[in-house]
Every structure is written in structure tokens, then in C-alpha cells.
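Worksheet: the structure to be examined is printed underneath.
Naming: A, B, ... by sequence-line order, numbering from 1 per chain.
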Number of protein chains: 2
Amino acid sequence: MGNLQSQVILDDCLSAMKHIGSSTIDLVYLDPPFFTNRFHFSVSRDRKKRFSFADVWSGLEDYAEFMEFRITEIHRVLKDTGSVFIHCDTSANFLLRALLNSVFEGNQFRSEIIWSYRRWSNSARGLLPSHQTILFYSKTDQYKFNILYGAYSETTNIDQILQLRTRDKQGISAYATDHEGKVIFAHEKKGVPLSDVWEIPFLNPKAKERTGYPTQKPVLLLERIIEISTNMGDLVLDPFCGSGTTLVAANLLGRHSIGIDISQEAVELTRNRLGSPTKTDSALLKKGRVSYQNVDKEALSILSGLDLLPVQRNAGIDAFIKIPIDNSLVPIRVQRNTETVMEAASKLARAANSKNSTKAILVRTKKNDDLFFNEKLPTLIELIDSTALCVREKIEELQAKSVSEKVSNRMLMGYNDQFCSPKVKF
Amino acid sequence: MGNLQSQVILDDCLSAMKHIGSSTIDLVYLDPPFFTNRFHFSVSRDRKKRFSFADVWSGLEDYAEFMEFRITEIHRVLKDTGSVFIHCDTSANFLLRALLNSVFEGNQFRSEIIWSYRRWSNSARGLLPSHQTILFYSKTDQYKFNILYGAYSETTNIDQILQLRTRDKQGISAYATDHEGKVIFAHEKKGVPLSDVWEIPFLNPKAKERTGYPTQKPVLLLERIIEISTNMGDLVLDPFCGSGTTLVAANLLGRHSIGIDISQEAVELTRNRLGSPTKTDSALLKKGRVSYQNVDKEALSILSGLDLLPVQRNAGIDAFIKIPIDNSLVPIRVQRNTETVMEAASKLARAANSKNSTKAILVRTKKNDDLFFNEKLPTLIELIDSTALCVREKIEELQAKSVSEKVSNRMLMGYNDQFCSPKVKF
DNA sequence: TACACCTCTGAATCTTCCA
DNA sequence: CTGGAAGATTCAGAGGTGT
């Protein structure tokens with residue numbers, strides 16, 4: 001590891017790979033180029049005629065041949081424990097799949113990885129494309145694989161997962177306990193095994209990592225691929241290295257790497273990037289999506305029935321009500337369990353002021369604790385009690401009434417006892 | 001819409017579709033069966049020989065032919081505005097893609113939808129498969145498409161959503177301001193257009209929905225497909241209907257439907273799920289767009305913050321509040337969108353009476369329509385307004401005030417004009 | 001019909017400001 | 001001074017428009 005090697009070759013990868021020995025590479029990652037944005041399927045065949053697969057490939061032969069030669073070379077240079085990850089364009093997905101199935105004989109398909117991300121666009125018609133596919137094949141069944149673990153789903157009860165289970169006398173599954181009746185934890189919290197859907201933020205327009213190269217991938221994506229399929233000191237190859245993200249990631253993780261590209265510009269860019277490998281320290285990924293949220297489901301559900309624009313990333317406002325007053329939307333906030341009405345009010349007031357709102361609505365969820373809060377309440381805030389609070393108060397009122405009725409009933413009864421019994425005796 | 005039709009046919013879909021007229025169907029959804037779990041790519045060809053696509057398809061011809069005939073029929077019965085959604089097994093993904101590209105000529109590919117879900121597994125080696133692919137093709141460019149909108153990302157800045165933006169002289173994006181330098185609010189934002197990655201929970205093993213049929217899909221998934229590609233009263237076809245989820249979803253959304261399956265068991269199951277096959281015009285389905293399930297969930301969410309005992313399958317009561325009055329729990333009901341306060345009240349009163357409750361709480365969600373309802377209201381019912389209703393009324397009040405203030409301001413201005421101008425002149 | 005140019009959008013960063 | 005929250009900015013994709 002002390003002597004980490006990265007090599008960048010300016011050449012067509014087919015001829016460059018000829019100089020690489022057979023069974024020498026641990027991982028090949030590639031994001032092949034496409035000759036056309038879209039393949040044309042202008043099949044003008046006779047409907048009555050029996051369908052033939054030749055039709056499907058018409059217009060694709062050149063590309064298929066181009067890729068076949070290269071994939072065959074990739075297969076040759078891979079070690080028996082090696083893997084290949086191919087980044088697929090949507091339109092060529094199925095073609096590459098077919099090619100790989102053929103070259104990597106004996107069902108060495110491992111996974112279809114979905115890289116999903118959120119992205120900007122004002123797509124009007126159809127679904128916004130927001131994923132890319134990466135095909136994962138291995139040369140043999142003895143492929144290297146390091147299991148990575150992800151976070152548990154927010155909805156899972158971790159304790160439940162971690163408790164050891166046994167079967168009781170009736171053979172019914174139950175949680176195991178020790179002699180003191182305490183639960184026994186089965187295994188350490190490793191997390192959930194990584195799934196084949198990877199949510200990794202798309203390279204942001206403001207990211208420092210950006211080089212201006214068109215199809216640049218996030219370093220994080222490549223790091224994950226390298227981590228699961230190689231160990232320290234292994235050798236990674238990218239035959240279409242482009243801006244060199246693969247080599248940067250390999251470097252950062254202590255793997256040797258070879259990059260090939262036919263473009264002079266790409267090779268120079270890669271060499272420069274390797275000089276100072278930078279990786280965007282994605283705040284989103286580090287802190288998690290949840291850390292940006294401030295409206296919880298419960299707060300929103302209290303407001304259900306209103307037409308709302310939920311607001312995250314703002315400590316004071318939970319949502320805007322989509323009915324404007326004086327041309328500005330009205331901010332609304334639900335009082336949290338952990339805060340007093342005054343605390344909620346001042347947070348809301350500050351946020352509303354900065355948005356130039358003339359009015360803001362605070363939904364109170366707990367009985368008031370401060371006798372003088374009405375005078376202290378900022379004037380722009382309108383207070384409304386939550387349904388739950390109203391119901392609770394109504395029930396207390398009813399309970400009180402019920403008790404007092406009982407008391408008066410009992411008194412009446414007692415009165416009768418004293419008074420009437422003589423009558424009965426009479 | 002009053003006469004919603006669902007038809008379930010026991011037959012091979014190829015022969016059954018022959019009886020369906022050309023250009024009559026708005027949406028075809030299918031989850032085709034697979035002859036083998038995995039296709040075999042036991043290509044023992046000579047490495048030196050030039051790659052030929054015939055190799056790829058060897059062993060697949062039967063299946064390809066089977067599907068080709070059926071997809072061709074599907075193409076025929078589709079209206080010009082119609083779409084098809086095909087649920088793909090991973091191993092046949094690329095085959096179906098190729099077939100569809102051929103049968104749906106002229107690049108009518110729309111989307112590759114990824115249905116992703118979290119699944120429990122202790123898979124040791126490799127990535128946990130946790131997605132399925134749905135291919136979306138349309139017959140022509142004039143396909144029906146209803147845009148659904150989702151929430152903005154947690155990291156998105158609200159100002160950007162609220163404020164109008166322009167470009168300055170240098171062409172750099174900036175927030176727009178009016179002549180006084182005040183921000184201009186943007187037009188109403190609906191949210192983010194739906195992406196092609198759908199995170200929908202896998203059918204929970206214990207879910208009521210589950211019928212025991214192996215490949216059953218969540219109703220939510222089908223509902224989304226139907227919603228984006230059809231309108232009320234349209235006709236949906238599922239040629240491999242299995243347990244009938246497509247037909248159930250179509251019914252819930254007010255679409256006519258035809259289901260075909262070759263298995264007697266599947267057809268019976270579907271008919272049972274739809275209720276009586278002859279009595280398709282059920283009261284439940286007439287209610288329209290939103291399913292009962294969703295409505296009930298929303299009703300309960302309005303009450304969040306209360307300690308409740310939810311009640312299933314009771315026409316009058318949504319839940320009991322876990323605080324007793326006179327030793328009996330208090331029933332509560334939320335007024336539905338489709339009913340008046342009086343209707344809700346009488347349903348609740350009847351149910352509460354039969355439970356011997358002395359008090360019941362009705363949560364009103366809409367402004368009252370009946371002036372004399374207070375006298376008509378059963379005495380055991382206590383009325384409480386929902387938070388949403390209170391907020392809406394408060395906003396109306398504020399709007400009215402704002403208008404009247406403007407008017408009086410204008411009057412004042414006019415007054416000032418008359419009064420002050422002499423002063424200025426002076 | 002093809003293509004160049006312009007407009008709109010929102011994710012996630014960078015930057016500033018405030019407590 | 002420092003850390004975090006709120007505001008400003010960048011940029012690629014999609015679509016519309018005009019030549």
C-alpha cells in the first residue's frame with residue numbers, strides 16, 4: 001500500500017488491453033460510450049411475418065460488435081476471483097445484458113444494481129428518469145465479495161431484530177431470556193446487508209468534485225463498487241476512464257489502478273485529478289436525509305385535510321397553507337411534545353418574520369402552562385387548538401359532569417333513604 | 001361510472017384476446033409467467049468464432065415465441081392513446097425489452113420503472129435483490145399521461161420554491177424583485193414530478209390483502225400505474241391476472257377491467273376478491289377515487305395525539321378513546337368528505353347507542369350545511385371541529401379582515417390626499 | 001424535419017449571517 | 001469565536017420556440 005500505482009493510458013482500450021496479461025485484474029469497471037443517443041428501431045417488417053430476433057438487432061450490429069470485442073478482452077484479463085461492473089445506458093441495457101450473458105458463460109450474472117438519485121428537471125410528460133443500471137458479473141463462482149451493511153429501515157424495531165429467538169415447549173417461536181428474565185441479544189448490530197438499489201446523490205452542480213466532464217460519476221459510487229469486490233492492494237481497471245473517477249476512488253481506498261481512454265483531454269484530466277484526489281464530502285450522505293427534516297409525520301397528520309406545502313430545513317415553520325393572505329402564503333406550525341406554547345410561538349414568529357408573513361398559525365397540542373402567555377404571544381400569531389386537545393378537554397368536562405351528577409344522585413338517594421324508609425315501613 | 005364492470009375470463013390470454021376488438025383497451029398491465037426460474041446460457045461456442053446473437057437466444061426461442069404472440073395481440077387491442085406496463089423477471093428483462101422494441105415500433109419506449117422495496121434476508125454473499133422492473137411502453141406518442149407529484153427533497157430550499165426567479169444582465173440566476181425591491185412570489189408549485197423509481201413496501205406477509213397467491217403485487221403499485229395512465233371509466237386489461245390485484249385496483253379507482261387467467265384457481269380467487277362477479281356495482285366501489293382503506297387511515301390520522309383503540313369494520317365508529325366516562329369508553333367518529341354532519345352524526349349515534357355509550361364525539365371536518373342541525377343533533381353527541389376546519393375558518397376571517405383593512409387604507413389615503421395637499425402647498 | 005437557442009426547474013452545495 | 005441554520009448560487013436536463 002505504501003507504493004500505490006496508478007497508470008493512465010492514452011489509447012483505444014481494445015489495443016491497450018492486449019498488453020495486459022490474462023487473469024491479472026481484480027475488478028473492471030466501465031461506463032462505455034454510446035454511438036447514438038438512441039438506437040433506432042425503425043422496423044418496417046411485415047406484421048404477418050414471424051418475428052425474428054435479427055430485426056431487433058438491426059442497426060445495433062456495429063455497436064454490438066464494438067462491445068463484444070472489448071468485453072471478451074475484459075473477460076480474459078480478469079482473475080478467476082474477479083468481477084466486472086458495467087454502467088448501462090437505458091437504451092443499451094438489454095444489449096449489454098445479452099452480450100455479457102454470452103461472454104461470461106455459465107450464468108455468472110450476479111446483480112442488476114440500480115443507482116437511484118433525485119434530480120432537477122421540469123419534465124412535464126412521463127416519469128422523470130432518475131436511475132441508472134449497473135450490471136455486475138463475475139468470472140467464476142469463486143468471486144471476491146465483501147459484504148457491506150447499511151442502516152436499518154427507520155420503521156424496524158432494532159431490538160426486536162437483535163433479540164435471540166427460541167421455541168417454547170409448544171414449539172412456538174419466542175424471545176429467549178436469561179435466568180434473570182432479561183432478553184439475550186443474538187448478534188451485534190451490523191445493519192442490513194446492502195441491497196441492489198443504491199441511493200447515492202447525483203453529482204451536484206456545486207460540488208467541488210466536478211470536473212466538467214459530461215458523464216462524471218460520484219466518487220462514492222465507485223468507492224462502493226471497489227469496496228465490495230476488491231481488497232487493499234488489488235488491481236482495478238477502467239477501460240473507458242473518462243474523467244478518472246474510478247482511479248481516484250481506487251487511490252483513496254488503497255487499490256492499484258489502470259485507466260484507459262482514447263481522448264487526450266480525458267487522460268490529462270485523470271492525471272491531474274490523481275495529483276490531488278478530491279472527493280466531495282457529501283453533507284447529505286454524511287448527515288442523512290432525515291437530518292434535514294424538521295416536520296415529522298405526526299405534525300403533518302395533525303394538519304391533514306389542509307392543502308399544504310410542507311417545509312423542511314426550517315426550524316420554525318412546518319408548512320405553508322396554500323391559501324394566500326395579502327399575496328403571501330400563511331406559515332403554520334404544530335406545537336411539539338417537547339416544547340411549550342411560548343417556545344413554539346417564538347420559533348414560528350422568528351421564521352414568519354423573515355419570510356415577511358403578516359400572519360402565522362400555531363396549532364396548540366397541549367394545555368397551556370403559562371398563565372400570562374396570551375399577552376406575551378407575538379401579534380402575528382393566531383392560536384388554534386388541535387383536535388386531540390379539544391377532544392381531551394371535552395372529555396375532562398364530561399367526566400367532571402358525570403362525577404358531579406353521580407354525587408348529586410347519591411345525595412338524592414341518601415336523602416330518599418332517610419326520608420322514604422319510614423314511609424316504606426309505614 | 002355508476003355501472004363499473006369487471007370481467008374475469010378463464011382461458012389462455014392469447015385466445016381470449018382474439019375476442020377483444022382492436023383499439024379498445026386503455027391500459028394493459030401484465031406480470032407474465034416464466035417457464036424456468038432461470039434461463040440457461042450454456043453457450044459452448046468456439047471462442048475464436050465471431051459472436052452471433054443466435055447464441056444468446058438459444059434456449060429462449062420457445063419463451064420468446066410465446067411472448068411475442070401475446071405482446072402482438074396486446075398491441076392490437078390497445079387504443080392509440082393506450083399504454084402497456086410489463087412486470088419483468090430479472091432474467092427475462094432484456095428479452096422482453098427486445099421484444100417490445102420490435103412490436104411497439106418507432107421508439108415507443110417510455111420508462112423503465114424500478115419498483116424498490118426493503119426486504120428482510122440474511123443473504124450472505126452478493127447484494128440483496130430488492131427491486132423489480134416494470135417496462136412502460138405506449139402505442140403512440142399521443143399516449144394518456146396524468147402527472148403525479150411528490151414531495152420536494154429535504155435538502156431543497158423553500159425560498160427557491162416560494163420566490164420567482166429571473167436572470168440578470170449577465171445571465172446569472174437570481175431572485176426576482178418588484179420595483180420596490182420586494183420579493184415576488186412564484187406561481188403555485190405542485191411538487192416534484194413522479195420519478196421512475198418507486199419505493200413501495202413489499203406486501204407484508206401478514207397483510208390482509210394477501211390472498212396466498214404467489215406473485216401477488218401491492219394494490220398501491222397497481223393503483224399508481226392505473227392512475228398515471230388512465231382516467232375514470234377507462235378500460236384496463238390484465239392478461240395474466242393471477243390473484244386479481246389489477247382488477248381490484250381498477251375497481252377502487254373507478255375503471256372498468258378485464259382479467260384473464262388460464263388457471264381455474266386464479267379466476268375463482270379473483271372473482272372472490274372482487275366480491276360477487278355478477279354484482280360488480282358495489283356500494284364500496286361507487287364511492288370513487290379513494291379506497292376505503294385510505295379514507296379510514298386519513299380519518300384516524302386527524303385524531304393523532306389521542307390514545308385510541310381503532311375500530312375496524314364499523315359503519316359508525318372510527319375508534320374508542322381510551323379514557324372511560326361512566327365506566328364505558330367514548331366512541332369517536334371523523335366526518336367523511338362524502339357525508340354531511342347530520343349523516344355522520346346519525347351513523348355515530350346509532351352505533352354508540354348499540355354499544356350503550358352515554359356520550360360520543362363527532363369530529364366535524366366541513367362547514368355546516370344545515371342551519372338547524374344543532375337542534376336535530378342527538379343529545380349524546382358532542383361536536384368538535386377538526387384542526388383543519390378551524391384553520392380554514394381562521395384564514396377566511398383573516399382574509400376578510402385584510403380586504404377591509406385595504407379598503408379603509410385606501411379611504412384614508414384619499415382623505416389624506418385631500419387634507420394634506422393644501423398643507424404641502426402651504 | 002432538424003437543430004440551435006432559450007427558459008424553467010430543483011437538488012445539493014456554497015456562503016453568509018446570527019445567536 | 002464557533003457552529004449551525006437560513007439564504008444564495010450553480011448547473012444539467014427537459015421542453016418549448018424560432019429559424
With sugar-phosphate meaning primed atoms plus P, OP1 and OP2, does [X] contact a base, only sugar-phosphate, or nothing at under 4.0 Å between heavy atoms?
X: B:Tyr175; value: base
X: B:Thr155; value: base
X: A:Lys347; value: nothing

Task: Contact nearer the 5' end of DNA chain D, comparing A:Gly316 with B:Ala174 - done: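 The residue closer to the strand's 5' end, by nearest nucleotide, is A:Gly316.
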Open item on the list: Quick check on DNA chain D: between A:Arg119 and B:Ile158, whose nearest nucleotide comes earlier from the 5' end?
Closed with: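 Upstream on the strand: B:Ile158.
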Between [N] and [X], counting only base atoms on the nucleotide and side-chain atoms on the residue, is there a donor-acceptor pair under 3.5 Å?
X: B:Asn157; N: D:dA8; value: yes
X: A:Arg313; N: C:dT13; value: yes
X: B:Gln160; N: C:dA12; value: yes

- [ ] Answer yes or no for B:Arg110 and B:Phe104: cation-pi contact, defined as NZ/CZ to six-membered ring centre under 6.0 Å and angle to ring axis within 45°.
- [x]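 Pair B:Arg110/B:Phe104 does not count as cation-pi.
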TODO: Taking all heavy atoms of A:Phe240 and all of A:Asp238, pick out the closest pair and write down the distance.
DONE: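 Residues A:Phe240 and A:Asp238, closest heavy atoms: N-OD1, 3.0 Å.
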Open item on the list: If you compare all heavy atoms of A:Pro331 against all heavy atoms of A:Lys359, which two are closest, and at what distance to 0.1 Å?
Closed with: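 For A:Pro331 and A:Lys359, the tightest heavy-atom pair comes out as CD-O, 3.2 Å.
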Please check the phosphate of [N] (OP1 and OP2 only) for any side-chain N or O of [X] closer than 4.0 Å.
X: B:Ser153; N: C:dA12; result: yes
X: A:Lys355; N: D:dG7; result: yes
X: A:Ser354; N: D:dG7; result: yes

Starting from [atom2] on [N], measure out to [atom1] on [X] and report it in whole angstrom.
X: B:Arg165; N: D:dA8; atom1: CZ; atom2: C1'; value: 10 Å
X: B:Tyr149; N: C:dG10; atom1: OH; atom2: P; value: 9 Å
X: A:Trp120; N: C:dA11; atom1: CH2; atom2: C1'; value: 6 Å
X: A:Asn356; N: D:dA6; atom1: CG; atom2: P; value: 16 Å
X: B:Asp159; N: C:dT13; atom1: CG; atom2: C1'; value: 15 Å
X: A:Tyr117; N: D:dA12; atom1: OH; atom2: C1'; value: 11 Å
X: A:Leu203; N: C:dG10; atom1: CG; atom2: C1'; value: 16 Å
X: B:Lys190; N: C:dT9; atom1: NZ; atom2: C1'; value: 13 Å

Task: Pairwise distance NE2(A:His87) to CG(A:Leu221) - rounded to 0.5 angstrom - done: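 If I round to the nearest 0.5 Å, the distance is 6.5 Å.
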Task: Whether A:Ser357 side chain and A:Ala360 backbone form a donor-acceptor pair below 3.5 Å - done: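 Checking the backbone N and O of A:Ala360 against the side chain of A:Ser357, no donor-acceptor pair under 3.5 Å is found.
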Task: 5' precedence on DNA chain C between A:Phe202 and A:Arg350 (nearest-nucleotide basis) - done: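 Checking each residue's closest nucleotide, the 5'-ward one belongs to A:Phe202.
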